[in-house]
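Here's the structure, in structure tokens; my notes come after.
Predicted model only: the values in this text are computed from it and were never measured. Note on naming: letters A, B, ... go to the chains in the order of the sequence lines (proteins, then strands), and numbering restarts at 1 for each one.
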Amino acid sequence: MLAERVERVVAEWIAEKEWEGAPAFGLERPAEAAHGDYATNFCMQLARVARAAPRALAEELRTRLLADERLRPYLEAVEVAGPGFVNFRLNHTAFVESVEGLLAAGEDVGRVTRAHPLRINLEYVSVNPNGPLHVGHGRYAAYGNSLHRLLAFSGHQVTAEFYINDFGRQMEMFGRSVAARYAQSLGFDLAVPDEGYQGDYVHDVAASIRAEEGDRWLAALQANGLDDPESEVLLFFRREGYRHMLEQMKEELRRFRVEFDVWFSETVLHEEGRVQGAINDLLSRGVAYVQDDAIWLRTTDYGDDKDRVLIRSNERPTYFAADIAYHEDKLARGYDHLINIWGADHHGYVPRMRAAVGLLCGEPDRLEVIIGQLVNLLEDGEARQMSTRRGEMVTLSELIEAIGVDAARFFLVMRSHDQTLDLDIGLARKQSQENPVYYVQYAHARIASILRNLPEDLVPGVVSDPEVFATSYERDLIKTLDEFGSVVREAADRRAPHRIVGYAQELAACFHTFYKHCRVIGSEPRVASSRLALCLIAKRVVARCLDLLGVEAPESM
RNA sequence: GCGCCUGUAGCUCAGCCGGAUAGAGCAACGGACUUCUAAUCCGUGGGCCGGAGGUUCGAAUCCUCCCAGGCGCGCCA
């Protein structure tokens, strides 16, 4: 509220002086209490444009602010300090009105409304359905889902999408591996191929299929072996193996509180001839061409290092070709903006995909690719590699088993996504009791407990009384709660859900301090009511933060 | 060789579209429960922000180079 009003005065000042290229105005919370409730370094930034000394500008701004009818009712003091800071001290009325506003917002406190909301397609996880999700996938799931919630709460329309890589040699190999395990379980010794999938979970898939189908596929395997990928029996195992893995994956993600609106199959693109269709369009527009018996796309038109192959000389389409058909489909569905979350091991693929989107719609910036760094797994200090094929991995389920969904989600999203994450599963198990998620959840549970113990005549409310919000603990809490909306906006715009984690920890700390020093129940009635109002708002904001992170907000612990 | 990410307290990391004395958690140490939940609070110690230059009134933040680690650079997916 204060920021907006000050900004209006500043805008009028700039217009009056006809300064061109003035910096954006912003208020910050100073670390030092002596520097007031809020401060701005605006005049220092303005100095160059205004060709004047920062302190002189600050003095002028101070005079204007104090003379402004819209601001004066809320200001205790405005001071010029240091090299040109302007520090603001709020009066009692400002705190009271601030709390009234936060309280009136109800459950929507902090929600951002946009002048121009975007229809966003957010694609993430998108792994081959040929093995369980490992912890690295869990990180993208946690990050992507929190980003989904954050973008939606910050005023955008978001569709979450999972692109199923259910086509190609990896799926063939998976089908053969399942078939081999199926045969073995019926006493026929058929070896899993050298390049096949060795993990224990393949036995489980085979066992499920045996439970449904009995031994009716055994004879065909005995007769044909695993050599003909187009045989009816191998097509069957590929399809059924895929179906079981996908179901398992959906179930795991649901348990991890990650929901997708659209599950999009790569195979369907091929079967419906849309990959070929996309390529034909590109050929007819002259942005694809034939050379060395292959078909190439002019990705260099949009800055890629070299053109890329769409159809190999053996006439099979590349993964890239399918991806183009897929993105063409997404664009046709009318999204303003596409976001893909990819692992760092795919970052080399970004320029060609953006170039492809450029060639499809003329606007490469419609596609935003977020690169998430990897998770290094350790066990008792020793590196553990993750290979789906060899069955060596720490699965997401294992992590959830060890520390629970709440701690896992909080842990996986609390660091910036472009930071490589070290995870020691043994250490995580040991340290789960110290996970900061409990600190935040405890704040919520404590407020819930206050609400349970309330005397009947105590209702939340604020009145302008000198006794109300008289302590720094209450005022700090109000300022922190007041920031929530701008934290949401910034976290969403910067694709940074870990900022919500940081804010939630700060808010919890602020509340715990308040709790220690300011009693609600038993205080003088007007003080109790005003503190109860703070508790209600704090509870909503903590719950919202946890919800944005996909973590539960417990009523008791 | 080229490209992307990273280097901040003993450990794990925030801060990075420039601002006041660089923060948090964990670990260490010392205090606080007859009162709404001590999964809490209060306090102490701990730093060449990888290194060197540059830009500026001001640099952890921007630019250049160097060092170190991770990940890529297919007619693989």
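Ring stacking holds between A:Phe85 and B:rA20, with the centres under 5.5 Å apart and the planes within 30 degrees of each other. The aromatic ring of A:His35 sits over the base of B:rA20, with ring centres less than 5.5 Å apart and planes tilted by under 30°. B:rA39 has no stacking from A:His512 on its base ring, since the centres under 5.5 angstrom apart and planes within 30 degrees of parallel are not both found.
B:rC33 adopts a syn glycosidic conformation, its chi angle falling within 90° of 0.
Rounded to an integer number of Å, the gap from CD of A:Glu28 to P of B:rG18 is 11 Å. Atom NE2 of A:His270 and atom C1' of B:rA77 are 11 Å apart (whole Å). Separating the OH atom of A:Tyr438 from the C1' atom of B:rA38 is a distance of 18 Å, rounded to the nearest angstrom. The nearest whole Å value for the distance from the NE2 atom in A:His517 to the P atom in B:rC33 is 13 Å. Protein atom OH of A:Tyr439 is 9 Å distant from nucleotide atom P of B:rC26, rounded to whole Å. A:Glu524 has its CD atom 23 Å from the P atom of B:rU35, to the nearest Å. Rounded to whole Å, the distance from OH on A:Tyr515 to P on B:rC36 is 6 Å.
A:Tyr143 and A:Tyr140 have their aromatic ring centers separated by at least 6.0 angstrom. For an aromatic pair to be called close, the ring centres must be under 6.0 Å apart, and A:Phe174 with A:Tyr197 satisfies this. Separation of the A:Phe162 and A:Phe264 ring centroids does not fall under the 6.0 Å cut-off. For A:Tyr439 and A:His512, the gap between ring centers is short of 6.0 Å.
A donor N or O paired with an acceptor N or O is found under 3.5 Å between the base of B:rA20 and the side-chain atoms of A:Asn87. Side chain A:Arg415 to base B:rU12: a donor-acceptor pair is found below 3.5 Å. Counting distance only, with no hydrogens placed and no angle test, the side-chain atoms of A:Ser313 and the base atoms of B:rC75 include a donor-acceptor pair under 3.5 Å.
The side chain of A:Ala39 lies closest to B:rA20 when the candidates are B:rU21, B:rC26, B:rA20. Of all nucleotides listed (B:rC71, B:rC57, B:rG19), B:rG19 comes nearest to the side chain of A:Met44.
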From CA spacing to verdict: ring-ring contact (aromatic ring centres under 6.0 Å, His included), A:Phe88, A:Tyr38: CA-CA 5 Å; A:Phe88 300 80; A:Tyr38 294 96; 7.8 Å; no
Would you tabulate the pairs of protein nitrogen or oxygen atoms and nucleotide nitrogen or oxygen atoms of nucleotides 1-11 of chain B closer than 3.5 angstrom?
{"from": "B:rG3", "atom 1": "N2", "to": "A:His347", "atom 2": "NE2", "distance (Å)": "2.2"}
{"from": "B:rC5", "atom 1": "O2'", "to": "A:Gln373", "atom 2": "NE2", "distance (Å)": "3.4"}
{"from": "B:rC5", "atom 1": "O2'", "to": "A:Asp418", "atom 2": "O", "distance (Å)": "2.7"}

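For the pair A:Arg499 and B:rC16, the criterion of a side-chain N or O lying under 4.0 Å from OP1 or OP2 is met.
Among the atoms of the strands shown, only primed sugar atoms or phosphate atoms (P, OP1, OP2) are found under 4.0 Å from some heavy atom of A:Asp422.
Judged by the 6.0 Å distance and 45° axis criteria, A:Arg308 is not positioned over the aromatic ring of A:Phe320.
Residues of residues 525-536 of chain A that place a heavy atom closer than 4.0 Å to RNA chain B do not occur.
Helical stems in RNA chain B, defined as runs of 3 or more consecutive Watson-Crick or G-U wobble pairs with donor-acceptor distances under 3.5 Å: B:1-7 with B:67-73, B:10-13 with B:23-26, B:28-32 with B:40-44, B:50-54 with B:62-66.
Comment: A:Lys479 engages A:Asp476 in a salt bridge, judged by a side-chain N to carboxylate O separation of less than 4.0 angstrom.
Residues A:Arg354 and A:Leu367 come closest through the heavy atom pair NH1-O, 2.8 Å.
When each of A:Leu2, A:Ile478, A:Leu90 is paired with A:Asp37, the side-chain contact (heavy atoms from CB on, under 4.5 Å) condition holds for A:Leu90 and for no other.
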